[in-house]
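Notes follow once the structure below has been shown.
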Amino acid sequence: FAIFLLAVLLVYLVLAFLYESWLLPLSVILVVPLGLLGTVALVWFLGMENNTYVQIGIVLIIALASKNAILIVEFARDLRHKGSSIRESAIEASRMRFRPILMTSFAFILGVLPLVFAEGAAAASRRSLGAAVCGGMLTSTILAVFFTPVFFVVFQWLSEKFSREGVQASADSTVST
């Protein structure tokens, strides 16, 4: 469990450095549980146990779910810096990145399907890894396309609200002295 928390923390810290914000990376990190939901669901549905291969798949899902969300957030952030409203930025970024995200995600999902249905020697390990990654990518792709823009709007608004209040409070104290 500690490994998963460290993986998520590492992704968060890298994004905080990249976005120069403590709030905006949360719009990416909150997509990770959506991917984990699919992993847990498919592994449970197929009657598999939580083994080392499933856990490796979970670490992979943390990275892949974050990657898809980063694409949307990065484009939305750029559009916001160019002057679009927060909502317009989120909608346009989602529209621009929708097809590339779906194409790469479904290519990956189709690529791991042979692992899910593996037979022969070491088939159990392949099935575990394949089920974890396939289920996580399915739910992450489907849900992240809808939830990432919402998370972006909320956290970008909060980030701007707090930065303005901080700037305003600083300016007020400077004027009063």
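Excluded from the calculations below are hydrogen atoms, water molecules and symmetry mates; all remaining heavy atoms, backbone and side chain alike, are included.
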Problem - Pairwise side-chain contact, Lys67 with Thr104, heavy-atom cut-off 4.5 Å (strictly under) - result: yes
Practice task
Would you kindly confirm whether Met48 and Val40 end up in one hydrophobic cluster when ILVMFWY residues are joined by side chain heavy atoms under 4.5 Å apart?
Solution key: no
Problem - Shared hydrophobic cluster for Val14 and Leu6 (ILVMFWY, side-chain gaps under 4.5 Å) - result: no
Practice task
Please confirm whether the backbone N or O of Leu34 pairs with a side-chain atom of Thr139, one donor and one acceptor, at under 3.5 Å?
Solution key: yes
Practice task
Please report the C-alpha distance between Asn50 and Val43 in whole Å, then the side-chain angles of each, then the deciding distance to 0.1 Å, and finally whether the side-chain contact (heavy atoms from CB on, under 4.5 Å) criterion is met.
Solution key: CA-CA 8 Å; Asn50 182 8; Val43 167; 5.9 Å; no
Handout entry: Candidate pair Tyr19 and Val28, rule side-chain contact (heavy atoms from CB on, under 4.5 Å), full reasoning
Key = CA-CA 11 Å; Tyr19 296 146; Val28 173; 4.2 Å; yes
Practice task
Taking the side chain as every heavy atom from C-beta outward, state whether Leu23 and Leu26 have any pair of such atoms under 4.5 Å apart.
Solution key: yes
Handout entry: Ala122 versus Ser125, closest heavy-atom pair with distance
Key = O-OG, 2.8 Å
Exercise for the section: For residues Trp22 and Phe155, determine if any side-chain heavy atom of one lies less than 4.5 Å from a side-chain heavy atom of the other. Expected result: no
Practice task
Using salt bridge (charged side-chain N to carboxylate O under 4.0 Å, His left out) as the criterion, point out the one residue from Glu74, Glu160, Glu92 that pairs with Arg80.
Solution key: Glu160
Handout entry: Least distance between heavy atoms, Val54 atom then Glu49 atom
Key = CG2-O, 3.6 Å
Handout entry: Pair Ser140, Asn68: side-chain N/O donor-acceptor within cut-off below 3.5 Å
Key = no
Exercise for the section: Answer with yes or no whether the hydrophobic clustering places Ile91 together with Val153; edges join I, L, V, M, F, W, Y residues whose side-chain heavy atoms lie under 4.5 Å apart. Expected result: no
Handout entry: Atom pair OG1/CD1 of Thr148 and Ile72 - distance to nearest 0.5 Å
Key = 4.5 Å
Handout entry: Rounded distance [0.5 Å steps], CG in Asn51 versus CD1 in Ile56
Key = 8.5 Å
Practice task
To the nearest 0.5 angstrom, please state how far the CD atom of Gln156 sits from the OG atom of Ser27.
Solution key: 8.5 Å
Exercise for the section: Walk me through it: do Leu46 and Val116 pass the test side-chain contact (heavy atoms from CB on, under 4.5 Å)? Expected result: CA-CA 10 Å; Leu46 295 175; Val116 176; 4.3 Å; yes
Practice task
Kindly indicate whether the side chain of Leu79, heavy atoms from C-beta on, has any atom under 4.5 Å from the side chain of Glu88.
Solution key: no
Handout entry: Between OH on residue Tyr53 and CZ on residue Arg126, distance to nearest 0.5 Å
Key = 10.0 Å
Practice task
Mark yes when over 12 heavy atoms from residues, nucleotides or ligands other than Phe108 sit less than 6.0 Å from its CZ; otherwise mark no.
Solution key: yes
Completion exercise
Tightest non-hydrogen contact, residues Ala132 and Gly57, listed as CB-CA, 4.2 Å
Exercise for the section: Output the distance between atom CE (Met96) and atom CG (Leu71), rounded to the nearest 0.5 Å. Expected result: 10.5 Å
Exercise for the section: Report yes if the side chains of Val31 and Phe151 come closer than 4.5 Å at any heavy-atom pair, otherwise no. Expected result: yes
Exercise for the section: First locate atom CG of Leu15, then atom CG of Leu10, and finally report the distance between them rounded to the nearest 0.5 Å. Expected result: 9.5 Å
Problem - Within 6.0 Å of CD1 in Ile3, more than 12 heavy atoms from elsewhere - result: no
Handout entry: Which atom of Ser66 lies closest to which atom of Val11, heavy atoms considered
Key = OG-CG1, 3.8 Å
Practice task
Please report the shortest heavy-atom distance between Ala76 and Ser89, naming the atom on each side.
Solution key: O-CB, 3.4 Å
Fill in the blank from the handout: Minimal heavy-atom distance between Ala144 and Pro149, with the atoms involved, is O-CD, 3.9 Å
Practice task
Verify the cluster assignment for Val73 and Leu158: are they in a single hydrophobic cluster under the rule of side-chain heavy atoms below 4.5 Å apart?
Solution key: yes
Handout entry: Leu24 with Leu9, same ILVMFWY side-chain cluster at under 4.5 Å
Key = yes
